[in-house]
Structure formats: C-alpha cells, structure tokens
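Protein chains get the first letters and strands the later ones, always in sequence-line order, with residue 1 at the start of each.
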Amino acid sequence: MTVAMGTMKAGEPVFYVVDEHEHAEGDSTMLGFWIYLMSDCLIFAILFAVYGVLGGRYAAGPAPKDLFDLSLVAVNTSFLLLSSLTYGFAMLSMQQNRLKAMQAWLVVTGLFGLAFLGIELTEFAHMIHEGATPQRSAFLSSFFTLVGTHGLHVTFGLVWLVTLMVQVKRFGLIEANRRRLVCLSMFWHFLDVIWIGVFTFVYLMGMLR
Amino acid sequence: MSSDAHAHGAADAHAGTRQGQLIGFGASVVLTAIPFLLVMSGAFDKQATALIIMAFAAAQVFVHMIFFLHMNTRAEGGWSMMALIFTIIMVVIALSGSLWVMHHLTTNMMPMHEMGQTP
C-alpha cells in the first residue's frame, strides 16, 4: 500500500492512503446506479423546465382542458403506483429466497407497467387523431417530449424486467442477479417519482390553467 | 464469503419491510387521490389548488424516497445523500431559473407579441 506524506503546520508528518482498498465485486454498483438516476433526474428537470416555459403556448391550438382526461390519468397513476408496490413485494420475496413468488410478483409488475404504457399510447393516439400532434404548438411539443421520455423509460424498464426474469430463470438468485434486480427496483421506483411530477405539473396544473 | 455476506446486506437494505412498503403505498394513494379530487371538483380557487397540489407532490416524492427508494443519510457512507442533495440544488436552479427568466422575458416582450397578433 503506497502512502504519501504531507506536512501539517506544526511540522508533524501526516500520512494519507493513496491506494484504494480492495472492493468486493459489485460493491460500488448501488452508488453508481444512484448517481445514474440522479443524472436522469436532471434530464427530467430540464424537460420539466421546458414544459414550464412552453406549456402555455397553444398557438391558437388545443389547450390541456380540451385534451386531457383526468380520470384516465388517475387510472394510469394507480397502475404505476401499484407496480411500485408489487416490485417492492418482489424484492421482499427475493430477500426470503422465494424464487417462484418473486418471479410471480415481477410478472404482475410487468403487467401493470404494460397497462400503464397501453393507456398512455391510447391517449397519445387519441390526441394525434384529433390533430393535437407534437407539431401543432409549443405546448404539445414539450408535452410529448416530457411524457414521451417518461414512457420510453418505462418501456426500457419493461425490457430490462423481462431480461432479468430470464436471467433469474437460467441462473437463479445468484449475487449478480440480486444486484441487478435491486438496480431495476431503484429504476422502477424512480420512474414513479418522476410520474408524480408529471401528473402534478402537466395534467393537474394543466387543467387549472 | 465475506464479500457475499456484504453484498447480501446491501441488497437487503434496499428491500425494506412489507410494512414499510404498505405504509408508503397507503400514504401515496392518499397523497395522489386528494390532488385529483381537488382539481376534478374545483372546490377551491385555482391559485390555492395549485399550491396545495404542489405541496402534496413534494410530500409524495418524500414518501417515495423514504419508503420505496429507502433513502437515508447512512446509505453508501452518506454519498447517496450527497448526490441527492447536489441533484436537488441543480433541479431547483434549472427549474426556478428557467421559469423566472422566461417569465420576465415574456412579460417584457408583450408589446411585440400583441403587435404580431393584431392584424
């Protein structure tokens, strides 16, 4: 172990550890993944800021009141919230090494995620059908960018979920798989946190405009 | 073997408890339902409703952070919390800065805007 020497004011030698100690494999994954989530959070912050600036520019086109169906958003929100709960249950099953129960909870989580995406895509399709396309106004451009980015994250989360279910089926609850499942858990819960911002700032505040 | 035990501990710390999950879920349901009901019923005036739903959103983010993401000041030797605090500062600067600057820009550009609108 290399040690560098520095001097304090009193002239006493102080020793610093220059080499890092050994880390177990995957030891820093959680922190690294958390920092990735924080960077993702900044992406969403910028998209929220864009929506905040442009959300009122309708260019004589449709306003939120003409487009949004709050009861549909409420259903959507409950699906995402339920999927967070079921993922939490999957993590608890993993903790107890109950593989079958964990896979079952993951399936339920995936289905709630799919239902969420299905409703969102139906909503988008309905809006585009009515002529409220992203090209229509600055409000709609920023709306589709923000909500669409969240939807894309959910899509990738679902791909990741299926991938991990196959991994667990093939290799069991090995250490690497546990780590990956915990990362996806953080990702999934994080998406729910972002959705709180979306339904508050985009949908609820939009209806108040 | 010791590294295995350590990794187990790290993964387990992220799982929480069934009770914690249910408390978080229950709180989230309440914190989601009230803003939706307020906006749908239009019980208060718009300004008050906007402030209330923003407060509820902030509270719900807090609930999710604690009960679902299991944030605490000790996770990863405090570095998770440091990253979170840094991100919150950046988010606040980006959001409030953009809204503030662009609001004033719009206000001061208003005459031009109206000129463009009137035929």
Practice problem: Decide if atom CE of A:Met165 counts as having more than 12 heavy atoms of other residues, nucleotides or ligands within a radius under 6.0 Å. | Solution: yes
Self-check item: Spatial distance of atom CD1 (B:Ile53) from atom CD1 (A:Ile196) [nearest 0.5 Å]
Solution: 13.0 Å
Self-check item: B:Thr49 vs A:Leu204 side-chain heavy atoms within contact, under 4.5 Å
Solution: no
Quiz item: In terms of heavy-atom pairs under 4.5 Å with chain B, which of A:Thr200, A:Ile194, A:Leu181, A:Thr29 leads?
Solution: A:Thr200
Quiz item: Which atoms of A:Ser39 come close to chain B, meaning under 4.5 Å heavy atom to heavy atom: side chain ones, backbone ones, both, or neither?
Solution: neither
Quiz item: Of the non-hydrogen atoms in B:Val91 and A:Cys41, which two are nearest, and what is the gap between them?
Solution: CG2-SG, 4.2 Å
Self-check item: Atom group of A:Arg180 that falls short of 4.5 Å from chain B, counting heavy atoms
Solution: neither
Quiz item: With only heavy atoms counted, which part of A:Tyr87 is less than 4.5 Å from chain B, the side chain, the backbone, both or neither?
Solution: neither
Self-check item: Under 4.5 Å from a heavy atom of chain B, the part of A:Ile35 involved
Solution: side chain
Quiz prompt | Contact origin within B:Val63 toward chain A - heavy atom pairs under 4.5 Å | solution = neither
Quiz item: Pick from B:Gly20, B:Ala57, B:Gly24, B:Gly42: which one has the most heavy-atom pairs with chain A under 4.5 Å?
Solution: B:Ala57
Quiz item: Looking at NE2 of B:His70 and CE of A:Met30, how far apart are the two atoms once the value is rounded to the nearest 0.5 Å?
Solution: 11.5 Å
Exercise. Identify which of A:His189, A:Arg209, A:Met207, A:Met205 forms the greatest number of heavy-atom pairs closer than 4.5 Å to chain B.
Key: A:His189
Quiz item: When heavy-atom pairs shorter than 4.5 Å are enumerated against chain A, which of B:Gln60, B:Met102, B:His103 gives the highest number?
Solution: B:Gln60
Quiz item: For A:Val73, is it the side chain, the backbone, both or neither that has a heavy atom under 4.5 Å from a heavy atom of chain B?
Solution: both
Practice problem: Answer with yes or no after comparing the ring centroid distance for A:Phe190 and B:Phe68 against a 6.0 Å cut-off, counting only values under it. | Solution: no
Quiz prompt | From B:Trp79 atom CH2 to A:Leu31 atom CG, the distance as rounded to the nearest 0.5 Å | solution = 9.0 Å
Quiz item: Between CE of A:Met38 and OG of B:Ser80, what distance do you get to the nearest 0.5 Å?
Solution: 8.5 Å
Exercise. Please state whether the side chain, the backbone, both or neither of B:Met82 comes within less than 4.5 Å of a heavy atom of chain A.
Key: neither
Self-check item: From CA spacing to verdict: side chain to side chain contact (heavy atoms under 4.5 Å, CB included), A:Ser71, B:Met40
Solution: CA-CA 9 Å; A:Ser71 46; B:Met40 281 165 146; 4.0 Å; yes
Practice problem: Give, as side chain, backbone, both or neither, the part of A:Phe199 having an atom under 4.5 angstrom from any heavy atom of chain B. | Solution: side chain
Quiz item: Would one find more than 12 heavy atoms of other residues, nucleotides or ligands at under 6.0 Å from atom CE of B:Met90?
Solution: no
Practice problem: With a 4.5 Å cut-off on heavy-atom pairs, point out which of A:Leu42, A:Leu208, A:Asp192 contacts chain B the most. | Solution: A:Leu208
Self-check item: Portion of A:Thr77 that has a non-hydrogen atom of chain B nearer than 4.5 angstrom
Solution: side chain
Exercise. Take A:Tyr203 and B:Phe36, measure what ring pair (Phe, Tyr, Trp, His ring centres under 6.0 Å) needs, and give me the verdict at the end.
Key: CA-CA 10 Å; A:Tyr203 290 100; B:Phe36 270 95; 8.4 Å; no
Exercise. Let me see the working for B:His64 and A:Leu81 under side chain to side chain contact (heavy atoms under 4.5 Å, CB included), right down to the final yes or no.
Key: CA-CA 10 Å; B:His64 275 243; A:Leu81 200 52; 3.7 Å; yes
Quiz item: Where on B:Ile88 is there a heavy atom nearer than 4.5 Å to chain A: the side chain, the backbone, both, or neither?
Solution: neither
Practice problem: Please indicate whether A:Gln96 has more than 12 foreign heavy atoms, meaning atoms of other residues, nucleotides or ligands, lying under 6.0 Å from its CD. | Solution: yes
Quiz item: Which atom pair, heavy atoms only, marks the closest approach of B:Leu99 to A:Ala49?
Solution: CD2-O, 4.4 Å
Quiz prompt | A:Phe89 and B:Arg18: CA distance, side-chain angles, deciding distance, side chain to side chain contact (heavy atoms under 4.5 Å, CB included) verdict | solution = CA-CA 7 Å; A:Phe89 286 161; B:Arg18 181 169 294 265; 3.8 Å; yes
Quiz item: Pick from B:Met71, B:Met65, B:Gln47: which one has the most heavy-atom pairs with chain A under 4.5 Å?
Solution: B:Met71
Exercise. Between chain B and each of A:Leu37, A:Ile46, A:Leu82, count heavy-atom pairs under 4.5 Å; write down the option with the most.
Key: A:Leu82
